[in-house]
Amino acid sequence: MATLTLAKALNQGLRACLEDDPKVLIMGEDVGKLGGVFRITDGLQKDFGDDRVIDTPLAESGIIGTAIGLALRGFRPICEIQFDGFVFPAFDQIVTQLAKMHYRSGGRVTLPVTIRIPYGGGIGAVEHHSESPEAYFCHTAGLRVVTCATPSDGYTMIRQAVRSDDPVIFLEPKRRYWEKGEVDTAVDLFGIDPTSHGPTGPAHASAAPVLGLHRSRVTRPGTDVTVVAYGPMMATVLAAADVAARDNQRSLEVIDLRTLSPLDLEPVFASVRRTGRCVVVHEAPGNVSLSAEVAARVTETAFYSLEAPVARVTGFDTPYPPSRLEDLYLPDVDRILEAVDRTYEF
Amino acid sequence: MSIDSNGSPQAADPAPSNNGPGKTDLVAPNAGTGPAGEGGAVTLLTPDGVRVANATYDPWIADLTDEDLRGLYRDLVLVRRFDAEATALQRQGELGLWASLAGQEAAQVGSGRALRPGDMAFPTYREHGVAWCRSLDPLTLLSLFRGVTGGAWDPAEHGFALYSIVVGSQVLHATGYAMGVAKDGGEDAAIAYFGDGASSEGDVNEAFVWAGVFNAPVVFFCENNQWAISEPSRRQSRVPLYRRADGFGFPGVQVDGNDVLATLAVTRRALDDARSGLGPVLVEALTYRMGAHTTADDPRRYRLDGELAEWQAKDPIARMRTYLESTGRLGEAFQSALDAEADALAVRVRHGCVTMPAPPSDSMFAHVTADGSVDDPHFAAERAMLARETG
Ligand SMILES: Cc1ncc(C[n+]2csc(CCOP(=O)(O)OP(=O)(O)O)c2C)c(N)n1
Ligand SMILES: [Mg+2]
């Protein structure tokens with residue numbers, strides 16, 4: 001066990017990926033000597049060479065398009081998109097090429113390309129540096145979309161994503177890069193079935209550090225309200241759970257989705273059947289979003305268990321605002337608790 | 001070139017009227033006349049501040065009076081001072097970020113002063129010197145970097161489009177704008193600013209295709225400051241960037257971007273070509289980003305030893321100053337008035353920045369779409385919720 005920041009955990013995870021498989025490449029803008037603008041690839045070019053850790057020309061469509069070609073030739077590229085707002089020049093290569101080639105080829109072609117994207121707001125950045133683009137990718141079949149909320153998950157999930165034979169959009173909550181947590185870097189990842197809920201099953205999964213890549217996790221068990229979140233909002237939701245326990249004697253069960261496509265909602269359904277109340281939280285705008293999908297499926301599956309409609313706490317349906325307003329835009333503890341209250345007032 | 005003594009730029013001047021033959025303090029011929037393949041970058045003022053002759057480009061600045069020359073120098077000094085103040089404000093937490101133009105003043109002022117009022121400039125996030133030439137108040141720029149606005153100026157009012165942080169995107173906009181000018185039968189031109197890094201983006205290359213086949217009156221002005229964050233410009237191209245123009249079927253010119261006179265001359269000529277129906281021109285201005293990429297960057301991680309010193313010796317402001325001094329055009333009175341003006345500008349910028357009010361919370365919901373008559377109850381409910389919270 002080591003105590004690492006999320007940034008460092010990802011860095012060590014990437015290092016392990018390069019060590020695990022000589023076909024793994026890292027490519028992106030400023031990932032070499034600089035180590036990326038967030039230093040996630042720090043030191044990797046020095047240790048693995050500029051043949052494997054590649055500073056690309058400044059063109060995102062080029063990064064993903066050439067990664068597809070490299071994958072066709074047997075490589076396993078990990079692409080870094082510098083910021084969420086700059087993935088869109090590559091959108092065509094991602095949604096029309098990367099996502100569909102396996103299907104089009106009748107299963108003959110696999111494209112194990114991982115696309116790492118720092119995402120979300122809260123760092124006082126200028127425009128296009130605080131976007132939450134996950135729903136665009138979840139809407140496209142053929143892509144897998146995951147996001148980590150802790151250093152431990154950062155370390156394990158990046159390794160699992162790179163092992164995946166499918167293209168994976170790997171979303172990193174940039175404002176949590178500097179938060180620390182325990183990471184077990186000695187863990188044996190590859191004995192684990194990717195669909196596993198871990199050795200102790202979903203209800204106690206918080207005790208099991210390693211889950212399959214496409215598994216959600218009950219991060220904080222509770223009895224009164226099921227609160228579902230992912231990525232940067234996890235820390236906010238956990239803080240809300242502390243306040244609810246202290247001030248209202250309400251016990252929130254917090255579930256970290258981790259995998260956004262495919263969704264793993266069995267633990268959510270099981271939880272809602274016990275609590276009867278559900279709140280879904282993310283910072284992306286609410287319109288046609290992950291929370292809309294979760295609310296619909298919970299309603300379809302656990303309707304008779306619900307004491308109140310599923311409540312949602314999301315970013316507003318505006319462009320991400322200038323940074324002096326972002327604290328008002330982003331869901332916070334108060335907004336989450338207000339939504340929890342609403343599920344009692346119904 | 002009028003900017004009032006507070007440092008508030010006034011409406012951009014038209015190109016100075018032709019005053020007959022220019023000053024004749026030319027001492028050396030210059031081999032580079034510019035067009036692709038014909039030699040080095042166009043230089044009219046050496047790093048030592050010596051004016052060199054250039055038969056092709058001398059006529060393009062022959063009209064400059066002593067006052068105009070001092071005006072250019074004044075622009076250079078004031079934008080550097082403004083930029084330094086902005087960097088300091090960021091360090092003190094008053095700005096979220098700042099992208100310094102230090103080192104690129106001549107490229108920006110030379111090209112910015114080549115524009116006419118009706119022209120439209122399409123900047124990146126670093127064109128503070130062009131903004132100055134287009135009469136944008138420095139504080140308006142700061143409001144973007146302070147996180148108070150999204151860059152709320154009227155492009156039409158200033159002939160200066162919004163800053164574009166998504167690298168390369170604005171180059172297509174400039175091209176479309178220029179196509180519109182041509183359709184209108186207008187005499188205006190567009191100028192697209194972009195960096196060496198941006199030259200790799202699909203958008204920029206598509207803009208070259210469009211401008212070429214539609215013969216659009218647009219000047220592509222590439223500030224090659226040698227770096228795209230940590231990547232040297234050779235990571236973007238195997239050939240000098242100005243030679244890219246060849247393949248797209250229009251002229252490319254390389255200019256010493258630390259030479260305000262050469263940049264002015266080359267840009268005027270390129271704009272003139274565009275206006276007169278000859279189509280686009282690519283100008284590659286060789287310059288250097290003397291500071292960090294932005295205040296979030298640490299260039300010590302990648303910059304080559306000695307590189308900064310090498311470029312400091314080619315400083316755009318020092319050479320203009322030497323030139324003006326050595327030809328008796330500067331004068332102590334002018335310099336000390338300018339120093340005082342720079343100080344006053346810095347004070348005004350600092351004060352204006354730290355007292356800039358935070359945006360009203362409800363402004364987040366304003367102008368999401370143009371048609372306010374469309375009734376979206378869900379959106380209205382979100383807005384009402386924030387109003388309740390901030391009550
Ligand atoms: C499409 C896009 N990709 C990546 C970025 C992140 N980024 C901002 S500036 C920059 C380098 C730009 O270099 P260059 O075009 O040479 O301009 P300079 O900053 O040197 O003026 C990068 C990679 C961005 N803003 N937009
Ligand atoms: Mg550059």
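All chains are named by letter (A, B, ...) in the order of the sequence lines, taking the proteins before the strands, and each is independently numbered beginning at 1. Quick note: numbers below take in every heavy atom, side chains included, and nothing from hydrogens, waters or symmetry partners.
- Nearest heavy atom pair, residue B/Ala228 against residue A/Leu58, reads CB-CD1, 4.3 Å.
- When the heavy atoms of residues 139-146 of chain B are compared with those of chain A, the residues falling under 4.5 Å are B/Leu144, B/Phe145, B/Arg146, listed by number.
- The pair B/Arg301-A/Asp42 meets the salt-bridge criterion, with a side-chain N (NZ, NE, NH1 or NH2) lying under 4.0 Å from an Asp/Glu carboxylate O.
- With a threshold of 4.5 angstrom between heavy atoms, B/Ser361 approaches chain A through its backbone and through its side chain.
- Of all non-hydrogen atoms in A/Pro322 and B/Gly150, the two that sit nearest each other are CG-N, 3.9 Å.
- Atom CD in A/Glu127 sits 8.5 Å away from atom OG1 in B/Thr149 (nearest 0.5 Å).
- Separating the NZ atom in A/Lys33 from the CD atom in B/Glu231 is a distance of 12.0 Å, to the nearest 0.5 Å.
- Contact of B/Val167 with chain A is made through the side chain alone, with heavy-atom distances under 4.5 Å.
- B/Ala296 does not touch chain A: none of its heavy atoms, backbone or side chain, sits under 4.5 Å away.
- Residue B/Gln236 holds its CD atom at 9.5 Å from CG of A/Asp55, rounded to the nearest 0.5 Å.
- Interface residue A/Phe86: only side-chain heavy atoms are found under 4.5 Å from chain B.
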Decide side-chain contact (heavy atoms from CB on, under 4.5 Å) for B/Asp297 and A/Leu34; before the verdict, give the C-alpha distance in whole Å, the side-chain angles of both, and the deciding distance to 0.1 Å.
CA-CA 9 Å; B/Asp297 177 43; A/Leu34 187 66; 4.1 Å; yes

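- Both the backbone and the side chain of B/Tyr302 come within contact range of chain A, judged by heavy atoms closer than 4.5 Å.
- Rounding to the nearest 0.5 Å places CZ of B/Arg235 at 8.5 Å from CD1 of A/Ile54.
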For side-chain contact (heavy atoms from CB on, under 4.5 Å), just list the numbers for B/Asp298 and A/Arg39, CA-CA rounded to whole Å, side-chain angles, deciding distance to a tenth of an Å, and then say yes or no.
CA-CA 11 Å; B/Asp298 178 7; A/Arg39 309 291 185 260; 4.2 Å; yes

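- A/Glu326 does not touch chain B: none of its heavy atoms, backbone or side chain, sits under 4.5 Å away.
- There is no contact between B/Pro299 and chain A, counting heavy-atom distances below 4.5 Å.
- With a 4.5 Å cut-off on non-hydrogen atoms, B/His378 touches chain A through its side chain but not through its backbone.
- Only the backbone of B/Tyr163 comes within less than 4.5 Å of a heavy atom in chain A; its side chain stays farther off.
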With side-chain contact (heavy atoms from CB on, under 4.5 Å) as the criterion, how do B/Ile165 and A/His129 come out once you've worked through the C-alpha distance, each side chain's angles and the decisive distance to 0.1 Å?
CA-CA 9 Å; B/Ile165 285 176; A/His129 292 73; 3.6 Å; yes

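- Heavy-atom neighbours of chain A within the stretch residues 381-391 of chain B, taken at a separation under 4.5 angstrom, comprise B/Glu382, B/Met385, B/Leu386, B/Glu389, B/Thr390.
- Both the backbone and the side chain of A/Tyr329 come within contact range of chain B, with heavy atoms under 4.5 Å apart.
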